[in-house]
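What follows is a single structure, and I will ask about it in a moment.
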Amino acid sequence: MADGWLGWDEDRQPIYVYTCTDGSVVSLTWFEGAIEIKGHFDGDAYQEFGSIGEALQANLQGDDGERYTADGVRPPAR
């Protein structure tokens, strides 16, 4: 169940709150096949979400094309 909504009409997006293993709280939105993660990470939340992404057979990609995996950050493909 969504913790809130982004937008006001039929195109609104659900917002979910997720607490990382280190206690950091982030928000997740999903729209057009992409999940956005927002918030302040005290630990290595990217590695945690990299594990989740791999379990879903999905890619966790940063704004500059870098990929986050359970093993760490991989540079953008060139």
Side-chain angles (χ1 to χ4, degrees):
M1 182 168 201
D3 294 299
W5 297 91
L6 180 62
W8 300 104
D9 55 19
E10 63 273 353
D11 291 330
R12 69 186 184 160
Q13 305 165 38
I15 299 173
Y16 300 95
V17 174
Y18 179 82
T19 302
C20 300
T21 55
D22 69 359
S24 299
V25 178
V26 297
S27 66
L28 303 147
T29 57
W30 178 29
F31 185 68
E32 294 184 349
I35 297 173
E36 289 194 15
I37 303 169
K38 305 243 186 220
H40 174 74
F41 308 127
D42 291 329
D44 193 357
Y46 288 114
Q47 188 170 3
E48 182 171 344
F49 282 104
S51 295
I52 294 169
E54 287 178 1
L56 296 171
Q57 297 181 345
N59 291 317
L60 181 60
Q61 184 172 324
D63 292 335
D64 296 320
E66 70 278 18
R67 281 193 59 224
Y68 296 91
T69 70
D71 297 325
V73 181
R74 294 186 182 161
R78 303 228 180 239

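What you see is a predicted model; the values in this text were computed from it and never measured.
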*Give the minimum heavy-atom separation between D3 and V17, together with the two atoms involved.*
OD2-N, 2.6 Å
*Quick one: side-chain contact (heavy atoms from CB on, under 4.5 Å) partners of E66, sequence neighbours excluded?*
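Partners of E66 under the side-chain contact (heavy atoms from CB on, under 4.5 Å) test: D64, Y68, V73, P76.
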*asked:* Tell me whether Y16 shares a hydrophobic cluster with V26, the cluster being built from Ile, Leu, Val, Met, Phe, Trp, Tyr side chains joined at under 4.5 Å.
replied: yes
*For Y18, all residues meeting side-chain hydrogen bond (donor to acceptor under 3.5 Å, both in side chains), sequence neighbours excluded*: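 Listed in chain order: E48.
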_Determine whether V25 and T19 satisfy the following criterion, side-chain contact (heavy atoms from CB on, under 4.5 Å), listing intermediate values before the conclusion._
CA-CA 4 Å; V25 178; T19 302; 3.9 Å; yes
